[in-house]
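Take this structure, written in structure tokens, and hold onto it; I'll ask about it next.
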Amino acid sequence: MAEAIRERLKTTCPRDCYDACGMVAVRDNGVVRKILGDPEHHVARGALCGKCAIAYNGVWRDAAARLTRPMRRSGPKGSGKFTPISWDEALAEIAGKLAPHIGGRPARQVVHAHYTGTVGLIAGWYPLRFFQAIGATEVDPDTVCNKAGHVALEMTFGDSLEGFDPESVKDAKTILVWGANPSHTAPHMHKNWLRETDATIVAIDPVAHGTARERAALHLQPRPGTDAALAFGLMHVALNKGLLDEDFIAAHVRGFEALLPDIEAADPETTSARTGVPADLIVKVGTAYAEGPSLLWMGQGMQRTARGGNAFRALSALVALTGNLGKPGAGFCYMNGPGSRGIDMDLLTPPALDIGCKSVSHMDLAATLADPSMAQIFFAWNCNPLASSPDQARLRGAMAREDLFTVVCDIFPTDTADFADIILPAASFLEFDDIVAPYFHHTLSAQVAVMEAPGEALPNQEIFRRLASAAGLSDPQLFEPDVTLLERILAMTPFDGDFASLAQAGTVQLFSEPRRQFEDLVFPTPSGKIELYSEAAIEAGLPAVPEPHADVPSDQGMLRILSPASAWQMNASYANDPGVVAKIGPNSVLLHPDEAARRGLSDGDPVVLANSAGELALRVSLSDIAQPGVGIVYKGRWPRQEASGANVNVLHAGRKSDIAEATAVHNIEVSIRRVDAAE
Ligand SMILES: Nc1nc2c(c(=O)[nH]1)N[C@H]1C(S)=C(S)[C@@H](COP(=O)(O)OP(=O)(O)OC[C@H]3O[C@@H](n4cnc5c(=O)[nH]c(N)nc54)[C@H](O)[C@@H]3O)O[C@H]1N2
Ligand SMILES: Nc1nc2c(c(=O)[nH]1)N[C@H]1C(S)=C(S)[C@@H](COP(=O)(O)OP(=O)(O)OC[C@H]3O[C@@H](n4cnc5c(=O)[nH]c(N)nc54)[C@H](O)[C@@H]3O)O[C@H]1N2
Ligand code: SF4
Ligand SMILES: [Mo]
């Protein structure tokens, strides 16, 4: 008998994840047997995270679980009843609906939502060309995730997409992990990078998460929404100990004097009372951070609050006034954009194609879709808004509009897909080539086709090329093939091989030495300096300088709900994998034992969380990772798999943060009551 031919193909995980793991697909006679972590990949080191090890060897390769044919709705809106149709029929039907909206003027009533289902550069961004060309209304993607932080950093440093290089850790003495939870969201950075460093790690998070417990020498556990006050407290310590970097401030910082009175007032006792962090810890951490060199990991969780933009500006002031920038082992990181690798995203979405797109915030998605004068056609692609967006009950109601023609492009039948008129089946990252520019490391990776797409599924980019053709559009940029795109992207980078050689390598390091963030200390702000005092902020109706804001604790009776990332899911992805379902168990609110006792609640009690936006039934789970006054409900469950038909976003009324109309999802407050057996 002929021996099976075994091959090992390298590829890359394109989830919206700091780690961007290299992977190996093990194939026998061309059939994928197993997806593993690439032993040669500097981050993965041979292991995928738990969730991907399950899902990539489970539901992602299970054709029966996937969308494999275009489909047309055959039941009432939201019923999830569909009949398979051909691609030609599906695209012709969509083109017919689009026809009255396109041609010359922007198609304002065509609304499209998208995000980072895949972050592959082509699959994630090329489809935007189609929407640019018709002038559709974009649901601003970052408003559901990280936009307040981006805009705050742009105001202050002129750029939010240049962070410290993780390789620069070798020169750092202190690392603050502030409002990020690597133990869930960057599992390999937690496992290796944060374990192997000699630097002192400090976690600053209302939740005693895995990184705070297992990696941090110190954990500051502020009340939610008090970070700006804490940052001023740390600056006070630095000022008091003569640790502010006066030369750096004189040369590179604008607005120090305007902050000074608030810094002087933020003594450790005052700060402790406002944040809940013990004064001696404030002194310890303020001293260590200011002595430096220090790295500051600015997590995305912290800015999803009503004053999240202000918090980011306050943390920026801490970086600037202690001069923790522009030298080895110092810097901050929100994320590292493709630009550090020379990639100009305009190549994928040429501005000249845009005939006048407008955008709306994700916080206004439900209201937009509810209004026929604003939305006649809705596209959701590369995202699952009925699980991830706010105001879930209202959004569901809006999506039930019979006259809202809805197209959903996904790889799985999600809650959002249930509301489609037409479903377009997408190919997964295992089924076509693409390029990934990781957002923590300054590396470059190949996503490589390792198997055929099931049924008739197609990559996002091909779907939108075909739709452009069906809609009678003719600009050649709407039909650029993948091979040319791959070539043109690579040509912008320092990598001098072709896609085949990148695919062979899996991931390439582009720089021999750690990159030094803002090395020349020239900042792309109007003044060229770090702008703590910001005219852009004033123009946006914000305070000229950051303020030492602290949310006051919830009223007696109300509970503050945080809904951060689960270890077992990627946003709302993977909830349909049986292996993942077994790991996540029933939906729960994690309560500190003291908080539960105060409310007469016990472990396992069925409870209802309620506020003006909605109600959610779940169970109490006692956990001392929560602090009193705060409940933790992990994000990402699929509403249709829950007995209540909803997830935590049913409690999010769409409150906006102070900057950029971005989400304040971590400001949710609810009442909590036990459900009696009779109910
Ligand atoms: N396993 C897994 N990994 C993921 C994701 C996932 O869903 N699951 N999602 C991916 C995506 S899209 C993103 S944006 C990143 C996000 O990854 P991170 O940057 O780690 O952000 P989150 O997990 O959203 O929140 C991080 C922390 O913010 C804290 N937080 C909430 N409110 C406050 C506050 O007021 N102050 C402070 N200091 N902290 C606060 C939460 O307690 C939480 O521990 O993760 C990515 N990686
Ligand atoms: N309560 C609460 N809500 C939150 C957050 C929170 O912290 N708390 N975090 C927010 C954040 S940070 C984010 S980023 C958003 C994420 O919100 P979403 O982007 O809606 O979340 P995902 O579940 O990642 O949805 C991605 C979808 O893309 C699909 N997909 C994967 N690959 C492909 C592909 O190649 N093509 C196509 N067409 N589809 C593909 C997946 O199957 C999945 O259904 O959620 C936000 N919602
Ligand atoms: S989701 Fe993140 S940790 Fe998991 S395999 Fe993908 S890149 Fe690695
Ligand atoms: Mo996100």
Side-chain angles (χ1 to χ4, degrees), residues 12-23 37 43-44 47-53 56 113-118 120 123-124 127 141-142 144-146 177-182 184-188 204-207 209 211-212 220 222-227 230 297-305 308 311 362 380-390 408-412 414 416-417 424-429 431-432 438 459-460 463 551 561-576 630 632-636 647-649 651-652 663 665-668:
T12 302
C13 178
R15 300 282 74 75
D16 190 342
C17 175
Y18 295 93
D19 288 0
C21 291
M23 314 193 313
V43 175
L48 300 178
C49 66
K51 61 191 178 297
C52 291
Y56 295 163
H114 65 102
Y115 210 27
T116 45
T118 175
D142 285 347
V144 82
C145 172
N146 55 21
V177 181
W178 197 328
N181 176 9
H184 285 185
T185 62
H188 298 82
I204 307 185
D205 202 294
V207 174
H209 51 53
T211 300
L220 309 192
R223 285 191 292 272
T226 63
D227 302 279
L230 183 56
W297 183 338
M298 299 175 81
Q300 303 177 62
M302 185 215 323
Q303 49 89 64
R304 287 182 207 128
T305 61
H362 249 283
W381 61 278
N382 220 21
C383 65
N384 181 6
L386 260 183
S388 304
S389 290
V408 176
C409 173
D410 202 298
I411 65 177
F412 293 116
T414 61
T416 306
L424 303 177
S428 93
F429 75 103
E431 298 146 11
F432 61 95
N460 293 351
I463 292 175
D551 283 1
I561 297 295
L562 303 181
S563 51
S566 154
W568 294 105
Q569 291 189 249
M570 170 51 63
N571 296 316
S573 297
Y574 305 174
N576 57 335
V630 173
I632 304 167
V633 182
Y634 291 117
K635 69 170 160 179
N647 71 17
V648 67
N649 283 318
L651 301 169
H652 179 12
T663 180
V665 69
H666 291 321
N667 268 86
I668 293 175

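All ligand and atom numbering here is 1-based and tracks the order in the structure. Just so we're clear, the structure is a prediction, and the values are computed from it rather than from any experiment.
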(request) Pick one of side chain, backbone, both or neither for how Ala180 approaches ligand 1, counting any non-hydrogen atom pair under 4.0 Å. (result) both
(message) Among all the protein's non-hydrogen atoms, which is closest to atom 8 (Fe) of ligand 3, and how far away is it?
(response) Cys21 SG, 2.3 Å
(request) Measure the distances from the heavy atoms of Gly301 to every atom of ligand 2 and state whether one is below 4.0 angstrom. (result)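 Heavy atoms of Gly301 never come under 4.0 Å of ligand 2.
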(message) Only heavy atoms of Trp178, strictly under 4.0 Å: list the atoms of ligand 1 that pass.
(response) 38 (N)
(message) To check your reading of the model: name the closest protein heavy atom to atom 2 (Fe) of ligand 3, its residue, and the distance in Å.
(response)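 Closest protein heavy atom to atom 2 (Fe) of ligand 3: Cys17 SG, 2.3 Å.
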(message) Under 4.0 Å from a heavy atom of His666: which atoms of ligand 1 are those, numbered in the order shown and with their elements?
(response)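 Selected atoms, number and element: 31 (C), 32 (N).
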(request) Please determine if Ser428 has a nitrogen or oxygen closer than 3.5 Å to a nitrogen or oxygen of ligand 2. (result) no
(message) Is there a polar contact, in the sense of an N or O pair closer than 3.5 Å, between Arg223 and ligand 1?
(response) no
(message) Checking the side chain of Arg223 only, and the main-chain atoms of Pro206 only, is there a donor and an acceptor separated by less than 3.5 Å?
(response) no
(request) Answer yes or no as to whether an N/O/S atom of Cys49 is found below 2.8 Å from atom 4 (Fe) of ligand 3. (result) yes
(request) Pick one of side chain, backbone, both or neither for how His362 approaches ligand 2, counting any non-hydrogen atom pair under 4.0 Å. (result)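 Neither part.
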(message) I want to know if ligand 1 touches Asn181 in the polar sense, i.e. an N/O pair below 3.5 angstrom.
(response)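 It does: an N or O of Asn181 is found under 3.5 Å from an N or O of ligand 1.
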(request) Give the residue and atom name of whichever protein heavy atom lies nearest to atom 39 (N) of ligand 1, and the separation in Å to one decimal. (result) Pro206 CD, 3.2 Å
(message) Quick test: of every protein heavy atom, which one is nearest to atom 15 (C) of ligand 1, and how far off is it to 0.1 Å?
(response)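 Here the nearest protein heavy atom works out to Gln300 NE2, 3.7 Å.
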(message) Under a 3.5 Å cutoff, is there a donor and acceptor pairing between the side chains of Asp205 and Asn181?
(response)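 On atom types as modelled, these side chains do not qualify, holding no pair under 3.5 Å.
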(request) Using only heavy-atom distances, determine whether the side chains of Ser563 and His652 contain a donor-acceptor pair under 3.5 Å. (result)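 Short answer, no.
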(request) Would you check whether Ser573 has a nitrogen or oxygen atom less than 3.5 angstrom from a nitrogen or oxygen atom of ligand 2? (result) yes
(request) Could you tell me whether His652 approaches ligand 2 through its side chain, its backbone, both or neither, with non-hydrogen atoms closer than 4.0 Å? (result)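 Looking at His652 and ligand 2, no heavy atom falls under 4.0 Å.
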(message) Under a 4.0 angstrom heavy-atom cut-off, which atoms of ligand 3 come close to Pro187?
(response)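 Counting atoms of ligand 3 from 1, those under 4.0 Å from Pro187 are 3 (S).
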(request) Mark up the atoms of ligand 1 that fall under 4.0 Å of a heavy atom belonging to Lys51, in ascending order. (result) 1 (N), 2 (C)
(request) Write out the residue and atom name of the closest protein heavy atom to atom 26 (C) of ligand 1, then the distance separating them to 0.1 Å. (result) Gly179 O, 3.2 Å
(request) Give the atoms of ligand 3, by number and element, whose distance to some non-hydrogen atom of His188 is under 4.0 Å. (result) 3 (S), 8 (Fe)
(message) Once rounded to the nearest 0.5 Å, what's the spacing between atom CG of Asn382 and atom CG of Asp410?
(response) 8.0 Å
(request) Examine Asp205 against ligand 1 and note whether any of their N/O atoms are separated by less than 3.5 Å. (result) yes
(request) Give the residue and atom name of whichever protein heavy atom lies nearest to atom 1 (S) of ligand 3, and the separation in Å to one decimal. (result)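 Of the protein heavy atoms, Cys52 SG, 3.3 Å lies nearest.
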(request) Measure the NE2-CH2 distance between His114 and Trp381 for me, rounded to the nearest 0.5 Å. (result)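 One finds 5.5 Å between NE2 of His114 and CH2 of Trp381.
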(request) Can you see which heavy atom on Ala565 is nearest to which on His184, and at what distance? (result) O-ND1, 2.9 Å
(message) Among all the protein's non-hydrogen atoms, which is closest to atom 4 (C) of ligand 1, and how far away is it?
(response)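 Among all protein heavy atoms, the one nearest atom 4 (C) of ligand 1 is Met570 CE, 3.5 Å.
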(message) For the 3.5 Å polar cut-off, considering only N or O atoms, please tell me whether Trp568 and ligand 1 meet it.
(response) no
(message) Under 4.0 Å, heavy-atom basis, I'd like to know which part of Ala426 is in contact with ligand 2: side chain, backbone, both or neither.
(response)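 Contact part for Ala426 vs ligand 2: side chain (C-beta onward).
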(request) Measure the distances from the heavy atoms of Cys409 to every atom of ligand 2 and state whether one is below 4.0 angstrom. (result) yes
(request) Would you kindly specify which portion of Thr116 sits under 4.0 Å from ligand 1, judged on non-hydrogen atoms: side chain, backbone, both or neither? (result)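 Near ligand 1, Thr116 shows nothing, with every heavy atom at 4.0 Å or more.
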(message) At less than 4.0 angstrom from any non-hydrogen atom of His184, what atoms of ligand 1 do you find?
(response)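 Result: 1 (N), 2 (C), 3 (N).
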(message) If you take the nearest heavy atom of each of Asp16, Asp410, Leu386, Asn647, which one is closest to atom 43 (C) of ligand 2?
(response) Asp410
(request) Check ligand 3 against Ala20 and write out every atom of the ligand that is under 4.0 Å from a heavy-atom position of the residue. (result) 7 (S)
(message) Quick check on contacts: which atoms of ligand 1 are under 4.0 angstrom from a heavy atom of Thr305?
(response) 35 (O)
(request) May I ask you to check whether Thr414 has an N/O atom sitting below 3.5 Å from an N/O atom of ligand 2? (result)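 It does not: no N or O of Thr414 is found under 3.5 Å from an N or O of ligand 2.
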(message) Counting only heavy atoms closer than 4.0 Å, does ligand 1 sit against the backbone of Ala186, its side chain, both, or neither?
(response)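 The answer is neither; Ala186 stays 4.0 Å or more away.
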(request) Measure the distance from atom 9 (N) of ligand 1 to every protein heavy atom, then report the residue, atom name and distance (to 0.1 Å) of the closest one. (result)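 In this structure, atom 9 (N) of ligand 1 has Asn571 OD1, 3.4 Å as its nearest protein heavy atom.
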(request) Say whether Phe429 and ligand 2 are in contact under the criterion: heavy-atom distance to a ligand atom below 4.0 Å. (result) no
(request) Mind checking whether Thr185 contacts ligand 1 via backbone (N, CA, C, O), side chain (CB onward), both or neither, at a 4.0 Å heavy-atom cut-off? (result) both
(request) Check each atom of ligand 1 against the heavy atoms of Gly225 and keep those under 4.0 Å away; list them by number with element. (result) 34 (C), 35 (O)
(request) Look at atom 6 (Fe) of ligand 3 and say which protein heavy atom is nearest, naming residue and atom and giving the distance to 0.1 Å. (result) Cys13 SG, 2.4 Å
(request) Around atom 34 (C) of ligand 1, find the nearest protein heavy atom and jot down its residue, atom name and distance. (result)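 Its nearest protein heavy-atom neighbour is Asp227 OD2, 3.4 Å.
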(request) Can you sort out which atoms of ligand 1 are near Val207, meaning under 4.0 Å from one of its heavy atoms? (result)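 Going through ligand 1 atom by atom, the ones under 4.0 Å from Val207 are 42 (O).
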(request) Give yes if a backbone or side-chain nitrogen or oxygen of Ser388 is under 3.5 Å from a nitrogen or oxygen of ligand 2, and no if not. (result) yes
(message) Test of understanding: given a 4.0 Å heavy-atom threshold, classify the contact between Asn649 and ligand 2 as side chain, backbone, both, or neither.
(response) side chain
(message) Main chain of Ala180, side chain of His209: is a donor-acceptor contact present, judged purely on distance under 3.5 Å?
(response) yes
(request) Could you tell me whether some N/O pair between Thr226 and ligand 1 is separated by less than 3.5 angstrom? (result) no
(message) Geometry only, no angles: is Gln569 polar-contacting ligand 1 at N/O separations under 3.5 Å?
(response) yes
(request) Return the option from Lys635, His209, Met298, Arg304 holding the heavy atom at the smallest distance from atom 24 (O) of ligand 1. (result)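 Shortest heavy-atom distance from atom 24 (O) of ligand 1: Arg304.
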(request) Output the list of atoms in ligand 2 that are nearer than 4.0 Å to some heavy atom of Gly117, sorted by atom number. (result) 26 (C), 28 (O), 30 (N), 31 (C), 32 (N)
